[in-house]
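Below is one structure, written out as structure tokens; comments come after it.
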Amino acid sequence: MAQIKFFDTTLRDGEQSPGVNLNQLEKIEIAKQLERLGIDVMEAGFPASSKGDFEAVRQIARTIKNTSVTGLARTTKEDIDIAWDALKDAAEPRIHIFLATSPIHMTHKLKKTPDDVIQTSVEMVSYAKQKFTHVEWSAEDASRSDLDFLVKIIEKVIDAGATVINLPDTVGYTTPEEYGRMFRYVREHVPNIDRVALSAHCHDDLGMAVANSIAAIENGATQIEGTINGIGERAGNASLEEIAVALKIRNDFYQHSTNLVLNEIKRTSDLISKFTGMMVPGNKAVVGRNAFAHESGIHQDGVLKEASTYEIITPEMVGIKSNNLVLGKHSGRHAFADKVEQLGFELPEEKVKEAFKTFKELTDRKKEVTDDDLFTILTDLQSDSLNIAKYNLESFQVQYGSHNLPTATVALKTPEGYRVETARTGQGSVEALYNTLESLVQEEVDLTDYQLNSIGKGRDALAEVHVMVKVNDTEMGGRGAAQDVLEASANAFLNALNRVLINQRQAEQKKIHS
């Protein structure tokens, strides 16, 4: 049974999703969870793109031990050198370099001849091989490239030292039949193809990323690239969790295995959804909240008699527990700490105490505390753990009536330690609250998106708010959770603003130290 390796690019291609801006702590937390999931190769970022990305890749490379960590680089010596500096401390450092091979890219973007592209690729693969044992070379826009040109350049970069050849459908243009035929053609016509692994990287612009990835496997690909929840540029990437479960459920047909720990899928999906602010649609395959819900009476009757009548995937397979009520008002700190560990969080003792205090406050107001509630508490704590002065909500009050203009009064503590308070009105309660917050902060803040979601069920469910704001021309996402919708809204607004301040202060500190 052939094994398919999974190459996760959530932290690189996934972070390129519009509005997604992860800080270093969040990236490390995601990296740790991807390691628990059993990902074979983790693309931690694009080290040459920014100092922040370089530092995040370096810290991930130093932290992760059981997954190979890679970074993206253009075909330039400078990019390769920067990638090596970021990755050299990894347990198994590797590099991923790319150059476009389609006529449209070579003519209009690169302004290079096919011979120029071959020469540059060969030279840079050779240069990278001097530093890295594993060198992946990608033919950007391979699916719109001339097949004979692909054969020619692939043979030469393999001779130059490439160990993985990636043939991406960069713009999500191809069909399963076409994509599979490209892999088959390369395997049949490149004489030294047996010296490398073949990798597929698909985008979902036409909704065929997963189908195209499966077609690549059917035609010889041994590595699949994608992201969790399918996030990424434009319409996103292939959803790795969907491919993994498809290979498991239809093992009779595909007969391929993976290293993925399938019951870590839901936890990984939830963590990435919360950190990125990209909500998972209810009808999303494998991880959507409706993936195991049965509304039709006929379906319900069948499932009650025999689950396999309508349920081809068990919730437990992907880590969904049928009963996730775990802790209550009388639960002690030891039981709480044990649950934190079960949920996959590694917290120092002082942070466990802080989370336990928040949990106890929640049990005073909420009858049933679920894994989702605890997950929200812990992710908020992780993302807010940097010891940098920021805005804190001290108190707020909103007056609203069907015949009155909504008015919000807010008291904040500023990063400088001052207490400020004022009141403003708005057409609705949230607008009044945000108008007041905007008037209290020094920064120019423009709200561009607001999403409200319920965590759990019932009238005492937690409200989770995701916002997108522009702060001094920097776009940033924020999130907040509370039983009260308005409190969650205020927390999300301040979370986004504080994330900008944290990034700015970290950049200032790096300048001072350098």
Side-chain angles (χ1 to χ4, degrees), residues 4 6-20 39 43 100 102 104-105 138-145 166-184 198-221 223-250 253-254 256 258 260 262 265-266 268-270 272-273 276-293 295 310-313 318 449 451:
I4 302 300
F6 274 43
F7 177 114
D8 181 274
T9 184
T10 301
L11 292 168
R12 199 276 300 170
D13 212 334
E15 204 200 7
Q16 291 174 204
S17 304
V20 174
I39 290 295
E43 190 167 55
S102 67
I104 191 169
H105 275 244
S138 283
E140 186 185 8
D141 205 26
S143 58
R144 294 192 295 175
S145 299
N166 181 35
L167 302 175
D169 182 27
T170 304
V171 293
Y173 175 78
T174 196
T175 67
E177 196 278 330
E178 292 171 338
Y179 198 56
R181 184 171 67 240
M182 177 180 65
F183 276 84
R184 189 165 62 251
L198 268 178
S199 187
H201 178 119
C202 297
H203 281 262
D204 207 33
D205 297 72
L206 295 178
M208 293 189 283
V210 169
N212 285 337
S213 299
I214 295 290
I217 291 172
E218 291 174 338
N219 288 277
Q223 178 176 282
I224 295 297
E225 305 185 9
T227 60
I228 303 301
N229 297 337
I231 65 174
E233 289 264 17
R234 305 181 311 279
N237 292 49
S239 295
L240 290 183
E241 70 277 4
E242 294 182 19
I243 298 169
V245 171
L247 293 178
K248 173 67 176 178
I249 296 300
R250 293 309 314 273
F253 183 82
Y254 295 116
H256 293 291
T258 75
L260 256 62
L262 297 184
I265 285 176
K266 186 62 167 65
T268 311
S269 169
D270 288 346
I272 289 166
S273 174
T276 60
M278 299 187 72
M279 304 303 295
V280 176
N283 65 332
K284 167 79 166 60
V286 177
V287 292
R289 67 177 179 272
N290 295 339
F292 304 98
E295 184 70 19
Y310 289 101
E311 206 168 75
I312 63 169
I313 312 166
V318 297
D449 190 34
Q451 296 179 39

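Side chains are part of it too, since the values below use all heavy atoms of this structure and drop only hydrogens, waters and symmetry mates.
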**OP:** Grab the two heavy atoms, one from A100 and one from H105, that are nearest each other, plus how far apart they are.
**Re:** CB-CB, 3.4 Å
Original post:
Who pairs with D270 by side-chain contact (heavy atoms from CB on, under 4.5 Å), at least two apart in sequence or on another chain?
Top reply: K266, D372, F375
Subject >> Closest contact, heavy atoms only, M182 versus A142 >> reply: SD-O, 3.5 Å
**OP:** Return the set of residues passing side chain to side chain donor-acceptor pair (under 3.5 Å) with S269 (not counting sequence neighbours), or none when no residue passes.
**Re:** N229
**OP:** May I ask you to test the R181-N219 pair for a side-chain heavy-atom distance under 4.5 Å?
**Re:** no
Original post:
How many angstroms lie between CD in E140 and OG in S102, if you round to the nearest 0.5 Å?
Top reply: 7.5 Å
Original post:
Which value, rounded to the nearest 0.5 Å, describes the distance between M278 atom CE and Q451 atom CD?
Top reply: 9.0 Å
Subject >> Reported CG-to-CD1 distance for the pair L198 and I217, which is rounded to 0.5 angstrom >> reply: 12.0 Å
Subject >> Contacts of type salt bridge (charged side-chain N to carboxylate O under 4.0 Å, His left out), residue E43, not counting sequence neighbours >> reply: R12
Subject >> R144 vs V171, side-chain contact (heavy atoms from CB on, under 4.5 Å): CA-CA, chis, key distance, verdict >> reply: CA-CA 9 Å; R144 294 192 295 175; V171 293; 3.8 Å; yes
Subject >> Contacts of F6 that satisfy ring pair (Phe, Tyr, Trp, His ring centres under 6.0 Å) - sequence neighbours left out >> reply: none
**OP:** Go through the structure and list residues passing salt bridge (charged side-chain N to carboxylate O under 4.0 Å, His left out) with D169, not counting sequence neighbours.
**Re:** none
Original post:
ring pair (Phe, Tyr, Trp, His ring centres under 6.0 Å) with Y254: which residues, sequence neighbours excluded?
Top reply: none
Original post:
Closest heavy-atom contact between T174 and S143?
Top reply: CB-CB, 3.9 Å
Original post:
With sequence neighbours excluded, what pairs up with T268 under the side-chain contact (heavy atoms from CB on, under 4.5 Å) test?
Top reply: Q33, L34, L37, I228, E264, I272
**OP:** With sequence neighbours left out, write down each residue that passes side-chain contact (heavy atoms from CB on, under 4.5 Å) with L206, or none if nothing qualifies.
**Re:** M208
Subject >> Distance in Å, I214 CD1 paired with I224 CD1, rounded so as to fall on 0.5 Å steps >> reply: 7.0 Å
**OP:** Mark yes or no for whether T227, through its side chain, and I231, through its backbone, hold a donor-acceptor pair below 3.5 Å.
**Re:** yes
**OP:** Find out whether I243 and T258 are in side-chain contact, i.e. whether some heavy atom of one side chain is under 4.5 Å from a heavy atom of the other.
**Re:** no
**OP:** Any chance you could lay out the side-chain contact (heavy atoms from CB on, under 4.5 Å) test for N237 and H201, step after step, and finish with the verdict?
**Re:** CA-CA 8 Å; N237 292 49; H201 178 119; 3.4 Å; yes
**OP:** Please list, chain by chain and in numerical order, all residues satisfying side-chain contact (heavy atoms from CB on, under 4.5 Å) with A209, sequence neighbours excluded.
**Re:** C202, D204, A238
**OP:** Check side chain to side chain donor-acceptor pair (under 3.5 Å) between S145 and all other residues, then give those that pass, not counting sequence neighbours.
**Re:** T101
Original post:
How close do N290 and N283 get, heavy atom to heavy atom, and via which atoms?
Top reply: ND2-N, 4.4 Å
Original post:
How close do I4 and A221 get, heavy atom to heavy atom, and via which atoms?
Top reply: CD1-O, 3.6 Å
**OP:** Name all residues meeting the salt bridge (charged side-chain N to carboxylate O under 4.0 Å, His left out) criterion together with D205; count only those two or more places apart in sequence or in a different chain, and write none if there are none.
**Re:** R234
Subject >> Under the salt bridge (charged side-chain N to carboxylate O under 4.0 Å, His left out) test, residues paired with E242 that sit two or more places apart >> reply: K284
Subject >> Donor-acceptor pair, side chain of S199 and main chain of N166, under 3.5 angstrom >> reply: no
Subject >> Nearest heavy atoms of S239 and V210, plus distance in Å >> reply: N-CG2, 3.8 Å
**OP:** Working to the nearest 0.5 Å, report the span between OG1 of T170 and CD of E233.
**Re:** 10.5 Å
